[in-house]
Amino acid sequence: MLKITPFSGLLLLALGLPAHAQEAAPAALPRTAAPESALTYLVSPANGATVSSPFTIRFGLRGMGVAPAGVTTANTGHHHLLINVETLPPDNLPIPNDANHRHFGLGQTETELTLPPGQHTLQLVLGDALHIPHQPPVRSEKITITVAQ
């Protein structure tokens with residue numbers, strides 16, 4: 001049987017806990033500046049629209065330019081479409097890439113989307129070369145659409 005004496009316990013504490021026992025928050029990353037007047041928006045569909053799936057979504061952007069991921073030209077970024085996302089991802093980390101956070105890193109300004117029938121929310125977030133939201137963040141209003149059966 002293994003016995004840990006008080007001295008051994010203090011020694012373990014002094015040396016630190018194993019890496020798996022210490023969970024640190026991810027480090028914040030530098031953010032790319034955006035003009036205060038920059039605005040991204042959904043051209044279509046409109047808020048409250050009823051659509052048939054698949055449907056086309058068109059992205060709009062004012063005050064900045066669209067550039068592919070990896071391009072570090074000032075006042076540019078690329079779109080990320082948030083689908084049915086209740087809590088925005090952190091502004092100081094790359095936007096996740098999954099079914100609810102779609103990346104358009106080639107500089108696309110529209111896409112065809114297939115969603116199941118029912119209500120859905122859509123929102124755009126502009127990301128910099130590394131998929132990190134700008135400072136200040138350039139986000140659209142969240143809209144709600146209904147996909148017909």
Side-chain angles (χ1 to χ4, degrees), residues 10-149:
L10 288 174
L11 184 59
L12 286 172
L13 284 175
L15 294 175
L17 297 172
H20 68 284
Q22 298 176 359
E23 291 198 25
L29 298 171
R31 296 184 51 207
T32 303
E36 290 283 338
S37 61
L39 172 70
T40 188
Y41 55 96
L42 288 152
V43 175
S44 64
N47 189 30
T50 298
V51 299
S52 296
S53 205
F55 60 98
T56 300
I57 299 178
R58 291 185 174 84
F59 314 147
L61 180 62
R62 272 189 276 168
M64 292 182 73
V66 175
V71 172
T72 57
T73 303
N75 296 325
T76 65
H78 63 278
H79 289 100
H80 297 81
L81 178 63
L82 281 51
I83 305 167
N84 300 325
V85 172
E86 292 196 25
T87 303
L88 290 169
D91 286 337
N92 60 350
L93 296 173
I95 297 166
N97 189 7
D98 57 35
N100 297 97
H101 304 83
R102 307 270 179 102
H103 286 228
F104 296 91
L106 298 178
Q108 305 97 309
T109 58
E110 68 177 49
T111 191
E112 188 172 273
L113 192 60
T114 301
L115 292 174
Q119 277 200 338
H120 300 277
T121 62
L122 304 173
Q123 186 173 18
L124 290 172
V125 178
L126 200 68
D128 68 8
L130 300 175
H131 308 283
I132 300 169
H134 291 77
Q135 176 63 35
V138 180
R139 295 189 280 251
S140 72
E141 295 291 323
K142 184 185 287 189
I143 70 163
T144 300
I145 62 164
T146 301
V147 176
Q149 294 200 30

Closest contact, heavy atoms only, [X] versus [Y]:
X: Gly77; Y: Leu126; result: C-CD1, 3.8 Å
X: Pro96; Y: Pro89; result: CD-CB, 3.8 Å
X: His78; Y: Pro68; result: ND1-C, 4.4 Å
X: His134; Y: Asp128; result: CE1-N, 3.5 Å
X: Asp91; Y: Pro137; result: OD2-CG, 3.4 Å
X: Leu42; Y: Leu81; result: CD2-CD1, 4.5 Å

Can you find a heavy atom in the side chain of [X] that is under 4.5 Å from one in the side chain of [Y]?
X: Ile132; Y: Thr32; answer: no
X: Leu113; Y: Arg102; answer: yes
X: Ser44; Y: Thr56; answer: no

**Item:** Donor-acceptor contact below 3.5 Å, side chain Ser53 vs main chain Leu115
**Value:**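 Side chain of Ser53 to backbone of Leu115, a donor-acceptor pair under 3.5 Å: yes, one is there.
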**Message:** Once ring pair (Phe, Tyr, Trp, His ring centres under 6.0 Å) is applied, what residue pairs with a partner in residues 43-69 remain, sequence neighbours excluded?
**Reply:**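 Residue pairs with at least one partner in residues 43-69: Phe59-His79, Phe59-Phe104.
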**Request:** Taking side-chain contact (heavy atoms from CB on, under 4.5 Å) as the test, write out the residues that go with Pro35, two or more places apart.
**Result:**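 By the side-chain contact (heavy atoms from CB on, under 4.5 Å) rule, Pro35 matches Ser37, Ala38, Met64, Asn75.
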Donor-acceptor contacts under 3.5 Å from residues 140-149 side chains, at least two apart:
residue : atom : partner : partner atom : Å
Ser140  : OG   : Leu124  : N            : 2.8
Lys142  : NZ   : Val85   : O            : 2.8

Mind checking the [atom1]-[atom2] spacing from [X] to [Y]? Nearest 0.5 Å is all I need.
X: Arg58; Y: Gln108; atom1: CZ; atom2: CD; result: 14.5 Å
X: Asn84; Y: Leu122; atom1: CG; atom2: CG; result: 7.5 Å
X: His101; Y: Leu82; atom1: NE2; atom2: CG; result: 4.5 Å
X: Asn100; Y: Ile95; atom1: CG; atom2: CD1; result: 13.5 Å

**Prompt:** Parallel under 30°, tilted from 30 to 60°, perpendicular over 60°: which one fits the rings of His80 and His131?
**Reply:**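 Rings of His80 and His131: perpendicular, over 60°.
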